[in-house]
Trainee: 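Okay, here's the structure, questions in a sec.
Bear in mind the structure is a predicted one, so any value in this text is a computation, not a measurement.
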Amino acid sequence: MIPILWRYSINHFLKIVFACVFAFISILLTMRLDEIANFAALGAPISYILLFAFYQIPYILPIALPLSCLIASLIFVQRLSNTHELTALRACGFALKDLLAPILLTAAFLTIFNFWIVSEVATQTHLQTNILKSELRSINPLLLLNNKHLMRLKGLYFDSLGPSRVGEMATDAVFAIPSQHHQRINLFIAKQLKASSSIFTAQGATLLTTTSLNQENTFDDLLIENMKKSTTHVEDFSQILQKKVWTVNNDYLKLPLLLIRAQEQKQALRQAKLENKKPVIVKDLKGQFHKSLSEIAKRSSIAFAVISFTLMGTAFGMNISRQRKHKNLLIVIILTTFYLTTFFLAKGLDQQFYLSFALYLLPLILIDIISLWTLNRISNGIE
């Protein structure tokens, strides 16, 4: 049988946690409306749009859960203090550790749950989100052509000098693509380009290609082909652009796969040092290995933030004096801001593992020490 006090504490704590999580998800989804709108602009059906929005939730939840536990523990303990329930329970012989045990135990289970979300679920939804984007771009070649970053990666150039609608139509289009057979560029100019669900149409098109003779002191043959109208199946045209080279980032890997990658990178680094390879190669391998270790530290930091923030909320939400003091709330805001600042700073230093590890985990240790020190003072009647 679960004691009545435990059921009461856990029930009220979880109610506030779930309400806060729902609020945070709603707010953060609203902040991502721009990204969702850009995805919808790719011509996605309503089912894809809803799926894309759903995939954002596991990516938001790991950050929302620690903040929700902080608010929930703060509100719950403040309510116990303000209604004098805390005083009555302590007068009945309950120690602070007995009163806080159900909340902290619940937070420990939520820590495990948060680690599972960030390491197993969010990685897959992040990957599926990018796959959805890739599928939509492969359906419509005009969307591919308007992706400037993708064009640069593939060494292509596209520009529309006239009026255009992304994914639908482009006028006075200029498209340059390197030849696969020799070091030349093919130029395609069209008065108008249109893309439907299955057909890609060019009006007033001109194609300029060269044929290299591979002989010195000779000029290339220039081939100019004018077409009043050209119709191509969408999939055929997309194949020209879709030389996909997938790079599986650490964000996409579940924990077992990430550990395997880190082990392989460690072995490759050790082998490179034994073979006395160039310092540039060793430095690159070391940076990749440190990025994998930093990713593990990041996931651990997000997970353990749940129980650390809960402990902080219980410590600074408690009030044993007759007067309400607002300095505790200020301390909570400062510590939370400090952790979030160091967390996002560490993400930019992932190739320097020891520094990023310190930025990820030391703020949590500091929060735990300050919270335990505060609770010890309160248990001795000092505030």
Trainee: If you define the side chain from C-beta out and look only at heavy atoms, does anything of L285 sit under 4.5 Å from F289?
Mentor: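 With C-beta onward as the side chain, the pair stays apart.
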Trainee: About how many Å separate CG of L253 and CZ of R261, when rounded to the nearest 0.5 Å?
Mentor: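 These two atoms lie 4.5 Å from each other.
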Trainee: Answer yes or no: are there more than 12 heavy-atom neighbours, outside F304 itself, under 6.0 Å from its atom CZ?
Mentor: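 For F304, atom CZ is not crowded (no more than 12 foreign heavy atoms under 6.0 Å).
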Trainee: Spell out, as yes or no, whether a donor-acceptor pair under 3.5 Å connects the side chain of H12 to the backbone of Y8.
Mentor: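 Pair found, side chain donor or acceptor close to backbone of Y8.
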Trainee: What's the shortest heavy-atom distance between P363 and A358, and which atoms?
Mentor: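 Between these two residues, the closest heavy atoms are CD-O, 3.4 Å.
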Trainee: Are R299 and E295 close enough for a salt bridge, meaning some N to O gap below 4.0 Å?
Mentor: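 Answer for the salt bridge query: yes.
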Trainee: Counting only N and O atoms by type, is there a donor-acceptor contact under 3.5 Å from the side chain of S26 to the main-chain atoms of F22?
Mentor: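 Confirmed, S26 side chain pairs with F22 backbone.
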Trainee: Side chains of L187 and T206: does their closest heavy-atom pair fall under 4.5 Å?
Mentor: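 The answer is no; the side chains never approach within 4.5 Å.
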Trainee: If you look at every heavy atom in P102 and T106, which pair is closest and at what distance?
Mentor: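 Closest pair (atom of P102, atom of T106, distance): O-OG1, 2.7 Å.
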Trainee: Is the count of non-hydrogen atoms from other residues, nucleotides or ligands lying under 6.0 Å from F353 atom CZ greater than 12?
Mentor: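 Check passes, neighbour count above 12.
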Trainee: State plainly whether one hydrophobic cluster holds both I25 and Y59, where clusters connect Ile, Leu, Val, Met, Phe, Trp and Tyr through side-chain heavy atoms under 4.5 angstrom apart.
Mentor: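 Each belongs to a different hydrophobic cluster.
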Trainee: Quick one: pull up CG in L364 and OG in S308 and give me the separation to the nearest 0.5 Å.
Mentor: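 These two atoms lie 4.5 Å from each other.
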Trainee: Under the criterion side chain to side chain donor-acceptor pair (under 3.5 Å), I'd like the reasoning laid out for S294 against Y360: C-alpha separation, chi angles, the key distance, then a yes or no.
Mentor: CA-CA 9 Å; S294 296; Y360 278 133; over 6 Å; no
Trainee: Let me confirm one number: the CG-NZ distance from D284 to K277, rounded to the nearest 0.5 Å.
Mentor: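 If we round to the nearest 0.5 Å, D284:CG and K277:NZ are 11.5 Å apart.
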Trainee: Taking T123 for the side chain and E120 for the main chain, is one N or O donor matched with an acceptor at less than 3.5 Å?
Mentor: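 Side chain of T123 to backbone of E120: a pair is present.
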Trainee: Between N82 and Q78 (side chain of the first, backbone of the second, donor and acceptor by atom type, cut-off under 3.5 Å), is there such a pair?
Mentor: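 Present.
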Trainee: Is there a path of hydrophobic side-chain contacts, each under 4.5 Å between heavy atoms, that joins M31 and L29?
Mentor: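 As far as the 4.5 Å side-chain criterion goes, L29 and M31 are connected within one cluster.
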Trainee: T310 versus L70: any side-chain heavy-atom pair under 4.5 Å?
Mentor: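 When only atoms from C-beta onward are counted, L70 and T310 do not touch, as no gap falls below 4.5 Å.
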Trainee: Between S292 and A262 (side chain of the first, backbone of the second, donor and acceptor by atom type, cut-off under 3.5 Å), is there such a pair?
Mentor: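 No.
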Trainee: Let me see the working for F343 and I302 under side chain to side chain contact (heavy atoms under 4.5 Å, CB included), right down to the final yes or no.
Mentor: CA-CA 9 Å; F343 178 84; I302 295 176; 3.5 Å; yes
Trainee: Evaluate the side chain to side chain contact (heavy atoms under 4.5 Å, CB included) criterion for residues L74 and N328: first the C-alpha distance (whole Å), next the side-chain angles of each, then the deciding distance (0.1 Å), finally the verdict.
Mentor: CA-CA 10 Å; L74 196 66; N328 287 351; over 6 Å; no
Trainee: Are the side chains of F309 and T336 in touch, meaning some heavy atoms are under 4.5 Å apart?
Mentor: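 Yes - at least one pair of side-chain heavy atoms lies under 4.5 Å apart.
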Trainee: Check F24 against S68 and note the closest heavy-atom contact, atom names and distance.
Mentor: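 Heavy-atom minimum between the residues: CD1-OG, 3.4 Å.
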Trainee: Between T83 and L80, which heavy-atom pair has the shortest distance, and what is it?
Mentor: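 Of all heavy-atom pairs spanning T83 and L80, the closest is OG1-O, 3.6 Å.
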Trainee: Output the distance between atom CE (M227) and atom NZ (K191), rounded to the nearest 0.5 Å.
Mentor: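 Going from the CE atom of M227 to the NZ atom of K191 covers 15.5 Å.
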Trainee: Taking NZ, NE, NH1 and NH2 as the nitrogens, is one of them in K298 or D251 under 4.0 Å from a carboxylate oxygen of the other?
Mentor: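 Yes, charged N to carboxylate O under 4.0 Å.
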Trainee: So do the side chains of N114 and V118 get within less than 4.5 Å of each other, counting heavy atoms only?
Mentor: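 N114 vs V118: side chains apart.
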Trainee: Is there a side-chain contact between F76 and S9 in this structure, where contact means two heavy atoms from C-beta onward sitting under 4.5 Å apart?
Mentor: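 The answer is yes; the side chains approach within 4.5 Å.
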Trainee: With hydrophobic residues grouped by side-chain heavy-atom distances under 4.5 Å, do I60 and W116 end up in a single group?
Mentor: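 They do share one cluster, since a chain of ILVMFWY contacts under 4.5 Å joins I60 to W116.
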Trainee: To the closest 0.5 Å, what do you measure between OG (S379) and CG (L96)?
Mentor: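 These two atoms lie 6.0 Å from each other.
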Trainee: Do you reckon I365 sits in the same ILVMFWY cluster as I307, going by side-chain contacts under 4.5 Å, direct or chained?
Mentor: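 No, separate clusters.
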Trainee: Could you tell me whether a side-chain N or O of Q56 sits under 3.5 Å from a main-chain N or O of F52, the two making a donor and an acceptor?
Mentor: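 Here the side-chain-to-backbone pair exists.
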Trainee: About how many Å separate CZ of F109 and CG of L14, when rounded to the nearest 0.5 Å?
Mentor: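 That separation rounds to 11.5 Å.
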Trainee: Set out, in order, the CA-CA distance, both residues' side-chain angles and the distance that settles side chain to side chain donor-acceptor pair (under 3.5 Å) for Q271 and E275, then state yes or no.
Mentor: CA-CA 6 Å; Q271 188 68 24; E275 295 176 358; 2.7 Å; yes
Trainee: Before giving the answer on side chain to side chain contact (heavy atoms under 4.5 Å, CB included), spell out for L269 and V282 the whole-Å C-alpha distance, their side-chain angles and the decisive distance to 0.1 Å.
Mentor: CA-CA 6 Å; L269 177 60; V282 174; 3.9 Å; yes
Trainee: When you compare the side chain of F113 with that of V306, does any pair of heavy atoms fall below 4.5 Å?
Mentor: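 A side-chain contact under 4.5 Å is absent here.
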Trainee: Any link between F94 and L86 through a network of hydrophobic side chains (Ile, Leu, Val, Met, Phe, Trp, Tyr) touching at under 4.5 Å?
Mentor: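 Same hydrophobic cluster.
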Trainee: Does any non-hydrogen side-chain atom of L100 lie less than 4.5 Å from one of L375?
Mentor: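 When only atoms from C-beta onward are counted, L100 and L375 do touch, with a gap below 4.5 Å.
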Trainee: Which pair of heavy atoms, one from S119 and one from L255, lies closest together, and at what distance?
Mentor: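 That would be OG-CB, 3.1 Å.
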Trainee: Testing the basics here: between A346 and L359, what is the closest heavy-atom pair and its distance to 0.1 Å?
Mentor: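 Scanning both residues completely, I find the closest heavy atoms to be CB-CB, 3.6 Å.
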Trainee: Could you check D350 against S356 for side chain to side chain donor-acceptor pair (under 3.5 Å), going step by step and ending with a plain yes or no?
Mentor: CA-CA 6 Å; D350 54 357; S356 64; over 6 Å; no
